[in-house]
Amino acid sequence: MSAVLDLARVSVALPLGGFLSRARLPILMDVSLSVGRGESVALVGESGSGKTTLARAVMGLQAVSGGSIALDGQAVEGAAGHARLRRAAAMMFQDATASLSPRLTVGYLVTEPFRIHGVALPDPEGMARELLAKVGLPPAMARRYPHELSGGQARRVGVARALALKPRLVIADEPTAGLDVSVQAEVLNLMADLRAEMGLAYLIITHNLALVRHVADRVVVLYLGRVVEKGPTAQVFAAPAHPYTASLIAAEPRPDPRQRRMDLAIRGEVPSVLRRPSGCEFHTRCPMAREVCRVTAPDLAPVGAGRQARCHFADQRKDQQGEQHAVEHR
Amino acid sequence: MSVLSVEGLSVSYRVLGGRLQAVRDVTLAVGRGEVLGIMGESGCGKSTLAAAMIGLLPQGAEVAAGAIRLNGTDMLRLSGEEKRRLRGQRIAMVFQDPMTAFNPVLTIGRQLADFAGAHGGVKGAAEIAGMLERVGIPDPGRCLRRYPHELSGGMRQRVAIAAALLVRPDVLIADEPTTALDVTMEAQIIHLLRDLRSSFDGAIVVVTHHLGVIAELCDRVAVMYAGEVVEEAGVDALFRDPRHPYTRALLSCDPAVVMPGSGHLPTIGGRIPDLMALPAGCAFAARCGMAEAGCAAPVPRHQEAGRSVLCHRSAA
């Protein structure tokens with residue numbers, strides 16, 4: 001069975017500007033990933049890693065310069081292809097309140113996708129009620145305006161709107177950003193329920209690793225527009241094969257004062273895409289970089305079943321972790 | 001002795017149809033070299049409390065009772081001019097979004113020089129560059145010539161912290177200082193603030209809803225709910241042995257705490273009460289799993305070694 005969404009070596013390059021200049025700046029390079037039916041895949045990385053550009057490319061909001069995108073095994077090409085994709089996939093935006101037009105009622109907003117896509121809507125009010133019920137909001141909410149909603153309610157309206165046309169895939173950009181922990185838990189539970197009920201697949205873009213651990217079956221880690229590691233979430237978190245993944249996990253603040261980190265897991269910032277480092281692009285921040293890393297760029301290579309990492313030493317590290325694991329469990 | 005103390009503070013907002021009680025009878029103190037965390041969900045009053053601490057309450061806010069003492073002086077009794085001077089010299093603030101804290105059309109160097117000049121003595125470029133270096137800006141000279149939009153979010157937050165420290169304040173208040181940042185930058189800012197705690201000899205107050213930031217950074221924690229401090233304790237005691245049911249509920253529903261694969265995450269049912277019509281008894285009772293009839297009566301504050309809990313059933 002074909003995947004709902006399949007990206008094969010997708011690249012995005014932006015023109016550098018300048019009169020007569022043909023120079024282009026690579027933002028995403030050779031990103032391949034697939035999201036199976038009912039599967040949840042997380043895309044993680046720091047700001048500037050290309051996460052949002054990838055989502056925009058999938059939705060047809062950003063032209064790709066290479067590679068291909070397929071929906072249900074069928075290539076997505078041109079305006080018609082993207083129209084088909086936008087009908088089957090829905091987007092949940094990061095700033096839920098800002099994504100809702102302030103002058104429209106919630107009831108109108110959740111049924112707007114029908115109007116946008118020209119789908120018949122015989123009973124708008126009934127549909128609004130149904131959609132609101134699906135995300136756990138009372139029917140009276142339909143008469144409210146976006147400014148009257150709390151952050152969690154706005155997020156639910158965003159979900160209801162995304163669900164309107166019964167999509168098979170939801171692309172969620174930072175679905176829990178800016179929410180209180182109890183509301184985060186509610187949104188995550190809602191996403192899990194909808195997945196079970198409707199067989200929804202998710203592509204989740206986030207830098208919240210706690211969220212990834214809870215909702216993603218597989219995780220794809222981006223650094224400077226390249227996939228540096230991918231694999232099943234539980235395995236990647238238990239034994240990251242790329243030092244960047246390891247640093248991200250270690251940098252996460254833990255809600256346990258007895259586990260404070262006194263050293264810094266990762267220093268510095270993501271380098272500018274205008275000045276990409278030589279060799280392995282992570283070597284400038286990598287705690288275990290060696291000479292070869294400065295010179296030779298590693299390939300994305302398999303490390304065990306279903307896992308890949310772009311590091312010269314991924315195999316060694318995995319073996320070490322395997323041994324440590326064995327020792328700890330002896 | 002505490003540098004900053006809040007004593008029985010109540011703040012309300014005049015709104016259409018009545019008064020909204022944002023902060024209710026809050027008492028807190030923070031000493032030199034100490035990091036106090038103020039934790040709670042949106043709408044619990046933590047930002048109003050922070051605004052009151054720095055004397056920047058918005059229009060329409062009224063202090064109904066209480067005092068805020070900075071080195072013993074009640075800031076609420078000062079004139080606007082005196083308050084302004086104090087704010088520049090003794091107490092400084094770092095905001096969630098450092099972009100809005102800077103003027104977009106002036107260079108960082110110009111703004112830091114203006115800022116330092118306005119608040120107690122003109123400082124030389126060397127001293128300003130030194131401060132930038134101290135907060136971990138790699139090339140301070142270059143940074144001074146840049147405009148705010150040319151810096152990353154993490155760098156802007158570092159510059160904002162440097163600006164706050166240039167005036168050598170006694171108290172640094174940081175409102176959600178890492179919320180807008182990536183996890184890697186967040187870790188670095190936490191590291192920086194922890195570092196400063198020991199070197200700058202002032203008090204740091206961190207306001208956040210992020211439990212991880214509280215656990216990584218703070219010495220003492222005040223948990224707010226519906227405008228009240230419902231629990232105050234040392235950070236270890238609070239996370240290991242939370243006494244207030246709200247603190248317990250909050251800690252248990254953090255997705256970072258719950259083991260993956262354990263099915264549904266716990267949540268806190270219900271909503272925070274209407275701050276314009278608060279119950280006479282415990283404000284959390286309606287959402288509390290331990291509530292009983294007695295919880296409708298006014299709540300006594302239960303105090304014991306280094307902690308205080310606002311709950312009828314805290315002994316239970």
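Computed over heavy atoms, backbone and side chain alike; hydrogens, waters and symmetry mates excluded. In the text below, chain A, chain B and the rest are named by the order of the sequence lines, each starting its count at 1. Fair warning: this is a prediction, and the values are worked out from it, not measured in the lab.
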Is there a side-chain contact between His214(A) and Leu265(B), using heavy atoms and a 4.5 Å cut-off? yes

So NE2 of His264(B) and CG of Asp193(A): to nearest 0.5 Å the spacing works out to 3.5 Å

OG1/Thr184(B) to CZ/Arg285(A) distance, rounded to the nearest 0.5 angstrom? 5.0 Å

Inspect the surroundings of CZ in Arg294(A) and state if more than 12 heavy atoms from other residues, nucleotides or ligands are less than 6.0 Å away. yes

Which atom names give the shortest non-hydrogen contact between Ala251(A) and Ala187(B), and what distance separates them? O-CB, 3.6 Å

Could you walk me through whether Asp256(A) and Arg240(B) pass the side-chain contact (heavy atoms from CB on, under 4.5 Å) check? CA-CA 8 Å; Asp256(A) 182 350; Arg240(B) 291 284 147 174; 2.6 Å; yes

Spacing of Glu269(A) atom CD and Gln188(B) atom CD [to the nearest 0.5 Å]: 7.5 Å

Interatomic distance, NE2@His209(B) vs CG@Asp180(A), rounded to 0.5 Å, equals 5.5 Å

Non-hydrogen atoms of chain B under 4.5 Å away: do they reach the side chain of Asn208(A), the backbone, both or neither? neither

Side-chain contact test, heavy atoms from C-beta onward, threshold under 4.5 Å: evaluate it for Met185(B) versus Glu46(A) and give yes or no. no

Among Leu238(B), Thr178(B), Leu211(B), single out the residue with the greatest number of heavy-atom pairs under 4.5 Å to chain A. Leu211(B)

Side chains of Leu217(B) and Arg260(A), heavy atoms from C-beta outward: is any pair under 4.5 Å? no

Minimum heavy-atom separation for Ala185(A) and Cys253(B), please, with both atom names. CB-O, 3.8 Å

Please state whether the side chain, the backbone, both or neither of Pro266(B) comes within less than 4.5 Å of a heavy atom of chain A. backbone

Check whether the side chains of Thr267(B) and Glu186(A) place a donor and an acceptor atom closer than 3.5 Å, and report yes or no. no

Heavy atoms only, distances under 4.5 angstrom: which of Val270(A), Val181(A), Asn189(A), Thr176(A) has the most pairs with chain B? Name it, please. Asn189(A)

Quick check on Ile190(B) against chain A: is it the side chain, the backbone, both or neither that has a heavy atom closer than 4.5 Å? side chain

Using a 4.5 Å cut-off on heavy atoms from C-beta on, say whether the side chain of Pro253(A) contacts that of Val183(B). yes

For the candidates Asp236(B), Ile268(B), Thr179(B), which exhibits the highest count of non-hydrogen atom pairs separated by less than 4.5 Å from chain A? Asp236(B)

Could you tell me which portion of Leu251(B) (side chain, backbone, both or neither) has an atom closer than 4.5 angstrom to a non-hydrogen atom of chain A? neither

Please report the shortest heavy-atom distance between Val235(B) and Pro257(A), naming the atom on each side. O-CG, 3.6 Å

Greatest number of non-hydrogen atom pairs under 4.5 angstrom with chain A, of Gly154(B), Ser252(B), Cys218(B), Gly40(B), falls to Cys218(B)

Can you tell me how far NE2 of His207(A) sits from CG of Leu181(B), rounded to the nearest 0.5 angstrom? 8.0 Å

Using non-hydrogen atoms and a 4.5 Å limit, figure out which bit of Glu186(B) sits close to chain A: side chain, backbone, both or neither. side chain

